[in-house]
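Starting from 1, each residue takes its place in the sequence as its number. Everything numeric in this text was worked out from a predicted model, so none of it was measured.
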Amino acid sequence: MSTPSFVVQTSVPMIWLLLAVIGATLKNRHNTSPEARLETWQRWWAGAALGGGSAWMVVSFFTIPGVMSEAIGFKQTPFEFEIGCANLCLAVLAFRAASSKASNRERLTVGLGAGMFLWGADLGHLYQFFFKGDHAPGNTGGVLVYDLLIPAVMIALAVHAQRQAKAAVPATAQPVLA
């Protein structure tokens with residue numbers, strides 16, 4: 001495989017990160033409120049980065065499982081259907097987290113759930129890379145960054161939003177714990 005082809009194939013997951021960053025940045029051009037800006041980032045990160053990327057994986061694993069297996073460096077097995085279903089779950093959760101009705105706690109939960117799956121996948125990719133010599137474009141590069149950053153950023157944004165909301169509540173309104 002040529003170097004330009006490898007770079008293009010390994011960089012595909014980064015499209016979803018880029019889309020989220022561009023979308024949130026453009027949407028925030030006129031937002032002056034820190035709370036509104038943070039809300040925008042949470043919604044774009046959940047919807048475009050996690051939701052869009054997961055939906056793309058659903059379509060890919062359900063329609064071209066052999067191509068996906070080859071891109072990762074594996075032979076095709078029935079496991080592709082399971083990966084498609086796991087990504088369907090992530091997409092549904094992500095689109096819920098992108099909703100204006102989603103709470104910071106929901107977004108944190110979705111980020112943690114995505115982390116369990118995607119960070120586990122990252123460990124699997126790294127194991128295959130270092131111990132099995134799998135240097136296929138779908139096992140290295142962009143997928144590692146995507147799987148690491150999506151949940152980490154979702155969690156960080158949700159925690160920041162929770163702290164921001166707590167700081168906005170007057171001290172007299174906060175419960176006293178004995």
Side-chain angles (χ1 to χ4, degrees), residues 1-25 41-99 102 105-159:
M1 174 180 296
S2 69
T3 300
S5 176
F6 181 87
V7 169
V8 167
Q9 287 184 34
T10 196
S11 299
V12 168
M14 303 306 288
I15 291 169
W16 305 107
L17 302 175
L18 189 60
L19 181 62
V21 169
I22 291 170
T25 301
W41 273 97
Q42 286 187 94
R43 292 181 67 191
W44 272 91
W45 201 259
L50 180 59
S54 296
W56 173 258
M57 295 305 288
V58 170
V59 171
S60 298
F61 274 103
F62 283 174
T63 61
I64 52 169
V67 171
M68 294 304 290
S69 294
E70 185 179 326
I72 298 169
F74 294 139
K75 293 180 188 216
Q76 187 175 351
T77 70
F79 187 64
E80 287 81 9
F81 180 76
E82 294 177 29
I83 294 297
C85 289
N87 275 282
L88 179 59
C89 174
L90 287 180
V92 168
L93 292 172
F95 293 137
R96 169 60 192 158
S99 162
R105 185 175 179 161
E106 282 179 281
R107 290 177 175 144
L108 177 59
T109 302
V110 171
L112 290 169
M116 297 308 98
F117 176 68
L118 296 174
W119 293 336
D122 252 0
L123 290 174
H125 288 297
L126 291 170
Y127 175 83
Q128 291 298 319
F129 180 87
F130 286 111
F131 298 105
K132 301 292 182 176
D134 183 353
H135 303 281
N139 193 58
T140 58
V143 71
L144 296 174
V145 174
Y146 177 93
D147 287 357
L148 177 69
L149 286 182
I150 295 298
V153 171
M154 283 190 74
I155 292 166
L157 289 171
V159 167

Working to the nearest 0.5 Å, report the span between CH2 of Trp44 and CG of Leu19. 5.5 Å
Say whether, by atom type as modelled, one donor and one acceptor occur between the side chain of Trp45 and the main chain of Ile150 under 3.5 angstrom. yes
Which residue is it: Leu88, Asn87, Leu90? I am looking for the one with a side chain to side chain contact (heavy atoms under 4.5 Å, CB included) to Met57. Asn87
If you look at every heavy atom in Ser99 and Arg43, which pair is closest and at what distance? C-NE, 3.9 Å
Over all heavy atoms of both residues, which pair between Gln76 and Gly66 is shortest? Give the atoms and the distance, please. OE1-CA, 3.2 Å
Could you check whether atom CD of Glu106 has more than 12 heavy atoms from other residues, nucleotides or ligands sitting under 6.0 Å from it? yes
Give me the atom names and distance for the closest heavy-atom approach of Met14 to Val145. CE-CG1, 3.5 Å
So with a 6.0 Å cut-off around CH2 of Trp119, is the heavy-atom count from everything else above 12? yes
Keeping Tyr127 on the side-chain end and Lys132 on the backbone end, is there a donor-acceptor pair under 3.5 Å? no
Minimum-distance pair of heavy atoms, taken over all atoms of Gly111 and Pro151: O-CB, 3.4 Å
Mind checking the CG-CG spacing from Leu118 to Leu123? Nearest 0.5 Å is all I need. 11.5 Å
CD1/Ile72 to CG/Asn139 distance, rounded to the nearest 0.5 angstrom? 7.5 Å
Quick one: CD on Gln42 to CG on Leu108, what's the gap to the nearest 0.5 Å? 9.5 Å
After noting the C-alpha distance and the side-chain angles of Val21 and Trp41, does the key distance pass the side chain to side chain contact (heavy atoms under 4.5 Å, CB included) rule? CA-CA 8 Å; Val21 169; Trp41 273 97; 4.1 Å; yes
To the nearest 0.5 Å, what is the distance between CH2 on Trp16 and OH on Tyr146? 8.0 Å
Ring-ring centroid check Phe61 Phe81, cutoff 6.0 Å: no
Between Gly84 and Val58, the two heavy atoms sitting closest are O-CG2, 3.5 Å
Could you go through Leu144 and Phe129, starting from their C-alpha distance and side-chain angles, then the distance that decides it, and tell me whether this counts as side chain to side chain contact (heavy atoms under 4.5 Å, CB included)? CA-CA 11 Å; Leu144 296 174; Phe129 180 87; over 6 Å; no
Leu17 vs Val153, side chain to side chain contact (heavy atoms under 4.5 Å, CB included): CA-CA, chis, key distance, verdict: CA-CA 11 Å; Leu17 302 175; Val153 171; over 6 Å; no
dist Met68:CE -> Thr63:OG1 (nearest 0.5 Å) comes out at 9.0 Å
So which heavy atom on Ala97 is nearest to which on Met154, and how close? CB-CE, 4.3 Å
